[in-house]
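In what follows, a structure is listed as structure tokens, so that the remarks can point back to it.
Order of listing sets the numbers, starting from 1, for every ligand and every atom in it.
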Amino acid sequence: MLTTHWILGPGAIGRLLAHSLEPYAKVALIGRRALPGQQMLTTPEGERRAQRLNTLTVDQLGAAGLPAPGFIHITTKAMAAEAALESISKVIPSTSPLVLWQNGFLAQPRITESWPGPVLCATTTQGAYLSGDDGVVHAGRGQTFIGDLRDQHRSVSEALAETLTKAGFTATAVDDIRQRLWQKLAVNAAINPLVALHGVRNGELRGARYSGRVESVINQVAMILQAEGIQPPNAGQSEDAWRALVWQVVDNTASNKASMLQDVEANRPTEREAILGPLIESAQHHGLPCEVLQALDAEIAALEASYLSAR
Ligand code: KPL
């Protein structure tokens, strides 16, 4: 029997997952508002593939008569994950395996703590963006890693990684997902807030106007991650290894508009709480300096408030 995958949050990664899994599994793509069932995927090679997806709203779920989900993927933004789970909690068994696809490190520990069933976390470098209510563009292929924070559900992660890989969404089950989530968070913290504040593409951080501030963020982040027991990338020496990784990502994504800049431009709440929040909390816990991170957080908060309050 085909496993049913519920995908809660029809953003770019949610829709890419739905398109990939549809031929291999039973998929339900669930959002707050109705989306067309006829959906288009543009592949990294530019091929356009139309596919019918089972799109549903949260309100339709109760009456939809779907089989119990084998996996529930939560693909919302970080700060919306808990509310999204709450919105479907009455129609799912509390033993259902969840897969959290959020950036940062906010929703993952909280939901791992509160959910009785297995909670897997995924981190991905797949690149995708939406092209309207009926389309997603798969901009670049990437790697996905899956694991759970307590390393208690290895076989569940392996089963999911196998299905995803078969579906062309290359994935690997790992026992160090906490390390990987923090490593991604570190890179995001050095790039996202600054580009969002200044409205620039990632590559512009190399310029004299911003590079000093990037370096100050890296200094603080490297100390915090060391205190958290997070290994520096590529088995390097802490601060130098983080510096090398951040600048490598800046160069590799030079023409990208980072996700936080896209949020600001669309007047949406940003993921600052999930990215800067855990770093600041950890610094305070370990008695480490974090004034550079706090200043960035306050500037982003003020920027957000300027447009969210005008809504
Ligand atoms: O992951 C990213 C994001 O945009 O959130 C980076 C690495 C900053 C690339 O744009």
Side-chain angles (χ1 to χ4, degrees), residues 9 11-17 44 74-81 100-108 121-130 136-145 169 177 179-207 210-211 213-218 220-222 225 230 232-234 241-279 292-293 296-297 299-300 303-304:
I13 290 296
R15 279 195 237 173
L16 182 60
L17 254 184
I74 304 186
T75 49
T76 62
K77 289 276 184 186
M79 52 285 168
L100 308 180
W101 290 81
Q102 283 64 41
N103 275 332
F105 199 71
L106 182 74
Q108 298 91 335
C121 305
T123 173
T124 187
T125 53
Q126 293 275 20
Y129 59 89
L130 295 179
V136 61
V137 178
H138 189 184
R141 295 186 206 285
Q143 265 288 335
T144 300
F145 296 98
F169 201 107
I177 196 71
Q179 296 269 333
R180 290 171 188 272
L181 290 168
W182 275 94
Q183 287 175 347
K184 184 163 188 212
L185 175 154
V187 173
N188 284 152
I191 300 177
N192 276 346
L194 277 171
V195 293
L197 281 172
H198 297 285
V200 295
R201 305 252 170 183
N202 296 355
E204 289 183 57
L205 293 181
R206 277 273 184 201
Y210 309 112
S211 59
R213 215 158 167 212
V214 176
E215 294 280 333
S216 317
V217 174
I218 297 171
Q220 297 202 330
V221 167
L225 293 197
I230 306 299
N234 308 318
W242 288 113
R243 181 173 296 118
L245 177 65
V246 167
W247 288 119
Q248 184 198 333
V249 175
V250 166
D251 292 342
N252 291 350
T253 62
S255 58
N256 275 24
K257 254 189 199 181
S259 52
M260 200 176 277
L261 174 55
Q262 294 181 38
D263 289 336
V264 166
E265 287 185 348
N267 289 358
R268 290 189 296 251
T270 71
E271 293 189 308
R272 77 181 169 82
E273 256 186 275
I275 293 173
L276 293 169
L279 287 166
V292 177
L293 302 173
L296 276 179
D297 190 45
E299 284 173 64
I300 296 276
L303 179 61
E304 264 177 12

Original post:
How would you list, by chain and number, every residue that makes a side chain to side chain contact (heavy atoms under 4.5 Å, CB included) with Asp297, sequence neighbours excluded?
Top reply: Arg272, Leu276, Ile280
Subject >> Ala258: partners by side chain to side chain contact (heavy atoms under 4.5 Å, CB included), with sequence neighbours left out >> reply: Asn192, Val195, Asn202
Subject >> For ligand 1, the residues whose heavy atoms come within less than 4.0 Å (ordered by chain, then number) >> reply: Asn188, Ile191, Asn192, Asn202, Val249, Asn256, Ala258, Ser259
Subject >> Minimum heavy-atom distance between Pro193 and Asn188, given as atom pair plus value >> reply: CD-O, 3.4 Å
Original post:
Mind checking whether Trp101 and Phe169 have parallel, tilted or perpendicular rings, split at 30° and 60°?
Top reply: perpendicular
Original post:
Partners of Tyr129 by ring pair (Phe, Tyr, Trp, His ring centres under 6.0 Å), sequence neighbours excluded?
Top reply: none
**OP:** Decide if atom CD of Glu273 counts as having more than 12 heavy atoms of other residues, nucleotides or ligands within a radius under 6.0 Å.
**Re:** no
